[in-house]
Amino acid sequence: DGGITQSPKYLFRKEGQNVTLSCEQNLNHDAMYWYRQDPGQGLRLIYYSQIVNDFQKGDIAEGYSVSREKKESFPLTVTSAQKNPTAFYLCASRFITRGGYTEAFFGQGTRLTVV
Amino acid sequence: QKEVEQDPGPLSVPEGAIVSLNCTYSNSAFQYFMWYRQYSRKGPELLMYTYSSGNKEDGRFTAQVDKSSKYISLFIRDSQPSDSATYLCAMGEGSSNTGKLIFGQGTTLQVKP
């Protein structure tokens, strides 16, 4: 059963803690993305990666970190430097072809709440 | 100015109406255009994907792209209450690009029975 799996579905973080959100895909996709969604807003790009061991900052990378050690995995760490981390986090992936990029598919999201 | 602009709505229509959702963009390098549907507290679901100007139809959905005007639309015919959701447009640059995929703010649609 192919797809993108995000875990956990709900996550609670105390002030000053780092937390890591998991994103795994078995679609053999090349590129992977992390987005943040706040209530009533669209998706804002945090980080993205086109190949293993390489990634680029998106529009709101401050306070976040990522790694891409395996093609199928792209974990996101929300650090204590992120001052307002409560949000819905979405992971996506897609193929890179000779002609460019294909459509992106999403996981079901992780809802992070600071307590 | 945002790269992608989308009216957040909300948009409320009666069942059976034709719905028109729109996005404008400023980056002429955008070559790929997608529409997603997102139900509350769920991940976005891909509805339509196109990379050329003109119309693309899939069932009750039609995606329209006008690259000269930097304007894309999604039409929903015979709208149903189950179509009530947030609709997001997304765009990406061509093959010699960074791989970024940029989203609009999303339009909330309510279809009333």
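So that the names make sense, note that chain A is the first sequence line, chain B the second, and so on, each numbered from 1. Everything quoted here is computed from the prediction, not taken from an experiment.
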Open item on the list: Do B:Q38 and A:Q37 make a side-chain contact, defined as non-hydrogen atoms from C-beta onward lying under 4.5 Å apart?
Closed with: yes

Can you get from [X] to [Y] by hopping between Ile, Leu, Val, Met, Phe, Trp and Tyr side chains that sit under 4.5 Å apart?
X	Y	answer
A:Y89	A:I4	no
B:M91	B:M48	yes
B:L109	B:F75	no
B:Y51	A:F105	yes

- [ ] Considering only heavy atoms, give the residues of residues 107-115 of chain A separated from chain B by less than 4.5 Å, sorted numerically, with 'none' for an empty result.
- [x] A:G107, A:Q108, A:R111

- [ ] Kindly say whether the aromatic ring centers of A:F106 and B:F103 come within a distance under 6.0 Å.
- [x] yes

- [ ] Could you tell me which portion of A:L45 (side chain, backbone, both or neither) has an atom closer than 4.5 angstrom to a non-hydrogen atom of chain B?
- [x] side chain

- [ ] Measure across A:F88 and B:K42 and return the closest heavy-atom pair with its distance rounded to 0.1 Å.
- [x] CE2-O, 3.6 Å

TODO: Could you pull out the closest heavy-atom pair between B:L101 and A:Y35, with the gap in Å?
DONE: O-OH, 2.6 Å

- [ ] Examine whether an atom of B:P44 lies under 4.5 Å from a heavy atom of chain A, and if so say whether it belongs to the side chain, the backbone or both; otherwise answer neither.
- [x] both

Open item on the list: Could you measure the distance from the CZ atom of A:R94 to the OH atom of B:Y49? Nearest 0.5 Å is fine.
Closed with: 7.5 Å

TODO: First locate atom CG of A:D59, then atom CD of B:E3, and finally report the distance between them rounded to the nearest 0.5 Å.
DONE: 7.0 Å

Open item on the list: Keeping B:Y36 on the side-chain end and A:A104 on the backbone end, is there a donor-acceptor pair under 3.5 Å?
Closed with: yes

Open item on the list: Using a 6.0 Å cut-off, check whether atom CD of A:E62 has over 12 heavy atoms from anything other than its own residue.
Closed with: no

